[in-house]
Amino acid sequence: MRGLICGPKLAACGIVLSMWGVVMLALLGIFFTTNSAVLIEDVPLTDEDTFKDLDPPHRAYDVYQKVGYNCFIAAAMYVVCGLFSCCQMKLNKKKRMQSLWTSVTSLGG
């Protein structure tokens, strides 16, 4: 069948992983954009961002925003992968139905 790249089990695994990735990264994006203090260790701050700035929190908040937007972009990429996996599931189902149909018609004819 044209466009069929992966089997039904791999497509189902892709859907599950995509759903988890979207939820996880969307929540991380929300927490980063709200400047969650718990995530400070995951923010790539440099010495220039913290010690050489006259107004240190604003540079740190800008880095938080960038990381949050990156999380949202990654979540969008997981949505695309999930849609691809859904299409693969539909193509696998269509292929299975066609093979069942051809086996039924060959028995009847």
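Numbers here simply count residues along the sequence, with the first being 1.
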Heavy-atom distance under 4.5 Å between the side chains of Thr105 and Trp101, does that happen here? yes
Separation between NZ of Lys94 and SG of Cys87, rounded to the nearest 0.5 Å: 11.5 Å
Which atom names give the shortest non-hydrogen contact between Phe72 and Gly29, and what distance separates them? CZ-C, 3.4 Å
Checking side chain to side chain contact (heavy atoms under 4.5 Å, CB included) for the pair Ser18/Val79: CA distance, chi angles, key distance, verdict? CA-CA 6 Å; Ser18 294; Val79 167; over 6 Å; no
Atom of Leu45, atom of Ala60 and distance for their closest heavy-atom approach: CD2-CA, 3.8 Å
Under a 4.5 Å cut-off applied to non-hydrogen side-chain atoms, are Asn92 and Leu4 in contact? yes
Could you tell me which non-hydrogen atom of Pro44 sits nearest to which non-hydrogen atom of Val63, and how far apart they are? CD-CG1, 3.9 Å
In short, Leu25 meets Ala74 closest at the heavy-atom pair CD1-CB, 3.6 Å
Examine distances only and state if a side-chain atom of Ser36 and a backbone atom of Phe31 form a donor-acceptor pair shorter than 3.5 Å. no
Is there a path of hydrophobic side-chain contacts, each under 4.5 Å between heavy atoms of I/L/V/M/F/W/Y residues, joining Ile40 to Leu27? yes
What's the spacing between Lys93 NZ and Arg96 CZ if we round to 0.5 Å? 6.5 Å
CZ on Phe32 to CG on Asp42, rounded to 0.5 Å: 5.0 Å
Between Gln88 and Gly7 (side chain of the first, backbone of the second, donor and acceptor by atom type, cut-off under 3.5 Å), is there such a pair? no
For the hydrophobic clusters of this structure (ILVMFWY residues joined by side-chain heavy atoms under 4.5 Å, transitively), does one cluster hold both Val16 and Leu10? no
Common cluster, Met19/Met77, ILVMFWY with side-chain heavy-atom separation under 4.5 Å: no
Show the nearest heavy-atom pair for residues Ser85 and Ala11, with the distance to one decimal. CB-O, 3.5 Å
Does Tyr64 use its side chain to pair, donor to acceptor, with the backbone of Val43 at less than 3.5 Å? no
Looking at CG of Leu17 and CE of Met24, how far apart are the two atoms once the value is rounded to the nearest 0.5 Å? 13.0 Å
Should Leu39 and Leu28 count as side-chain neighbours, where that means a heavy-atom distance under 4.5 Å? yes
Look at atom OH of Tyr78 and say whether more than 12 heavy atoms of other residues, nucleotides or ligands are closer to it than 6.0 Å. no
Please give me the minimum heavy-atom distance between Gly68 and Thr33, naming the atom from each residue. CA-CG2, 3.9 Å
